[in-house]
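Everything below concerns the one structure shown next.
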Amino acid sequence: MKFLLSLYPAADRHGGHEEFLAAAGREGELVGAYELADPSLSAVVRVRDGVAAVTEGPYPPGLEHVRGQYVLDCESRERALELAALLPAGGGVEVRPLMDPAGMEM
(Lines give C-alpha, C1' and ligand atoms only; values in the text may rest on other atoms or scores of the structure.)
Protein backbone atom coordinates (compact mmCIF):
# COMPACT_ATOMS: atom_id res chain seq x y z
CA MET A 1 0.00 0.00 0.00
CA LYS A 2 1.26 3.46 -0.81
CA PHE A 3 1.07 6.40 1.63
CA LEU A 4 1.93 10.10 1.48
CA LEU A 5 3.51 11.50 4.65
CA SER A 6 3.04 15.29 4.82
CA LEU A 7 5.10 17.28 7.34
CA TYR A 8 3.59 20.45 8.78
CA PRO A 9 5.30 23.77 9.70
CA ALA A 10 6.55 23.07 13.22
CA ALA A 11 8.83 20.38 11.77
CA ASP A 12 12.53 20.62 12.54
CA ARG A 13 14.15 22.38 9.58
CA HIS A 14 17.65 21.25 10.52
CA GLY A 15 17.61 17.53 9.83
CA GLY A 16 16.68 14.73 12.18
CA HIS A 17 15.28 12.55 9.41
CA GLU A 18 18.19 10.09 9.43
CA GLU A 19 16.41 7.46 11.56
CA PHE A 20 13.32 7.61 9.31
CA LEU A 21 15.40 7.41 6.12
CA ALA A 22 17.43 4.48 7.48
CA ALA A 23 14.32 2.53 8.55
CA ALA A 24 12.35 3.16 5.33
CA GLY A 25 15.42 2.64 3.14
CA ARG A 26 16.42 -0.63 4.82
CA GLU A 27 13.06 -2.19 3.89
CA GLY A 28 12.83 -0.53 0.45
CA GLU A 29 9.71 1.41 1.51
CA LEU A 30 10.75 4.89 0.29
CA VAL A 31 9.36 5.59 -3.24
CA GLY A 32 8.02 8.39 -5.54
CA ALA A 33 4.84 10.54 -5.82
CA TYR A 34 1.20 9.64 -6.60
CA GLU A 35 -2.26 11.26 -6.64
CA LEU A 36 -3.75 11.77 -3.15
CA ALA A 37 -6.76 9.86 -1.81
CA ASP A 38 -9.56 11.74 -0.04
CA PRO A 39 -8.31 13.60 3.09
CA SER A 40 -10.94 11.86 5.27
CA LEU A 41 -8.88 8.66 4.95
CA SER A 42 -5.81 10.16 6.63
CA ALA A 43 -4.45 10.14 10.17
CA VAL A 44 -2.18 12.57 12.06
CA VAL A 45 0.69 11.27 14.20
CA ARG A 46 2.09 13.54 16.93
CA VAL A 47 4.94 12.58 19.23
CA ARG A 48 5.02 14.26 22.64
CA ASP A 49 7.57 13.20 25.24
CA GLY A 50 8.38 10.12 23.18
CA VAL A 51 4.75 8.95 22.99
CA ALA A 52 3.03 8.76 19.60
CA ALA A 53 -0.65 9.77 19.46
CA VAL A 54 -2.73 9.01 16.37
CA THR A 55 -5.73 11.18 15.43
CA GLU A 56 -8.07 9.87 12.72
CA GLY A 57 -9.03 12.15 9.84
CA PRO A 58 -7.30 14.99 8.02
CA TYR A 59 -5.06 17.59 9.58
CA PRO A 60 -7.25 20.40 11.01
CA PRO A 61 -8.03 23.10 8.41
CA GLY A 62 -6.48 26.53 8.78
CA LEU A 63 -3.46 28.45 7.61
CA GLU A 64 -1.16 25.45 8.00
CA HIS A 65 0.60 24.22 4.90
CA VAL A 66 2.65 21.16 4.06
CA ARG A 67 6.35 21.69 4.68
CA GLY A 68 7.64 18.49 3.15
CA GLN A 69 6.44 15.09 1.93
CA TYR A 70 7.56 11.48 1.74
CA VAL A 71 5.91 8.67 -0.26
CA LEU A 72 6.09 5.17 1.22
CA ASP A 73 5.11 1.72 -0.04
CA CYS A 74 4.38 -0.32 3.11
CA GLU A 75 2.76 -3.63 3.96
CA SER A 76 0.17 -1.89 6.16
CA ARG A 77 -1.22 1.39 7.43
CA GLU A 78 0.23 0.53 10.84
CA ARG A 79 3.76 0.37 9.37
CA ALA A 80 3.28 3.78 7.70
CA LEU A 81 2.17 5.24 11.07
CA GLU A 82 5.19 3.64 12.78
CA LEU A 83 7.58 5.26 10.27
CA ALA A 84 5.78 8.62 10.57
CA ALA A 85 6.44 8.60 14.31
CA LEU A 86 10.21 8.64 13.54
CA LEU A 87 9.97 12.06 11.86
CA PRO A 88 10.81 15.24 13.84
CA ALA A 89 7.57 17.06 13.00
CA GLY A 90 6.26 19.10 15.93
CA GLY A 91 3.27 20.19 13.85
CA GLY A 92 2.33 16.59 13.06
CA VAL A 93 2.75 14.17 10.19
CA GLU A 94 -0.36 13.46 8.11
CA VAL A 95 -0.43 9.88 6.77
CA ARG A 96 -2.75 9.54 3.75
CA PRO A 97 -3.36 6.52 1.48
CA LEU A 98 -2.58 7.09 -2.20
CA MET A 99 -4.62 6.05 -5.22
CA ASP A 100 -3.39 4.39 -8.37
CA PRO A 101 -5.04 5.30 -11.73
CA ALA A 102 -7.82 2.73 -11.09
CA GLY A 103 -8.68 4.08 -7.62
CA MET A 104 -7.88 2.92 -4.12
CA GLU A 105 -5.07 0.40 -3.81
CA MET A 106 -6.37 -0.89 -0.45
Side-chain angles (χ1 to χ4, degrees):
M1 297 174 60
K2 293 181 180 69
F3 297 89
L4 177 71
L5 277 58
S6 298
L7 285 69
Y8 285 83
D12 178 2
R13 297 181 184 277
H14 303 292
H17 296 228
E18 294 81 8
E19 185 179 4
F20 167 81
L21 293 171
R26 181 172 48 250
E27 299 298 322
E29 296 166 312
L30 193 58
V31 294
Y34 296 87
E35 182 180 353
L36 296 177
D38 187 89
S40 66
L41 299 173
S42 64
V44 176
V45 176
R46 289 184 177 87
V47 179
R48 299 280 192 267
D49 299 321
V51 178
V54 178
T55 304
E56 299 297 327
Y59 194 85
L63 300 177
E64 303 292 342
H65 62 279
V66 175
R67 186 186 149 281
Q69 298 178 320
Y70 288 106
V71 176
L72 300 176
D73 189 354
C74 301
E75 288 294 319
S76 67
R77 179 178 183 266
E78 290 73 25
R79 174 62 176 160
L81 297 173
E82 178 184 319
L83 288 169
L86 298 176
L87 290 164
V93 178
E94 181 182 27
V95 179
R96 187 183 300 182
L98 294 173
M99 297 170 48
D100 67 15
M104 290 301 293
E105 187 179 295
M106 303 170 84

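Numbers for residues simply follow the sequence, beginning at 1.
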Heavy-atom side-chain contact between His17 and Leu87 under 4.5 Å: yes

Non-hydrogen side-chain atoms of Leu83 and Phe20 separated by less than 4.5 Å: yes

Close side-chain approach of Tyr70 to Leu30, heavy-atom, < 4.5 Å: yes

Heavy-atom closest contact (Gly92 atom, Arg46 atom, distance): CA-CG, 4.1 Å

side-chain hydrogen bond (donor to acceptor under 3.5 Å, both in side chains) involving Glu82 - partner list, sequence neighbours excluded: Arg79

For Ala80 against Val95, the heavy-atom pair lying closest together: CB-CG1, 3.9 Å

Residue pair Val44 / Val93, side-chain heavy-atom distance below 4.5 Å: no

Residue pair Val45 / Ala84: nearest heavy atoms and the distance that separates them: CG2-CB, 4.3 Å

Heavy-atom side-chain contact between Ser6 and Gln69 under 4.5 Å: yes

Contacts of type side chain to side chain contact (heavy atoms under 4.5 Å, CB included), residue Glu56, not counting sequence neighbours: Ala43, Val54, Arg77

Heavy-atom side-chain proximity of Glu29 to Asp73 below 4.5 angstrom: no

Spacing of CZ belonging to Phe3 relative to OG belonging to Ser76, to within rounding of 0.5 Å: 7.0 Å

Counterpart residues, side-chain hydrogen bond (donor to acceptor under 3.5 Å, both in side chains), relative to Glu75 (two or more places apart): none

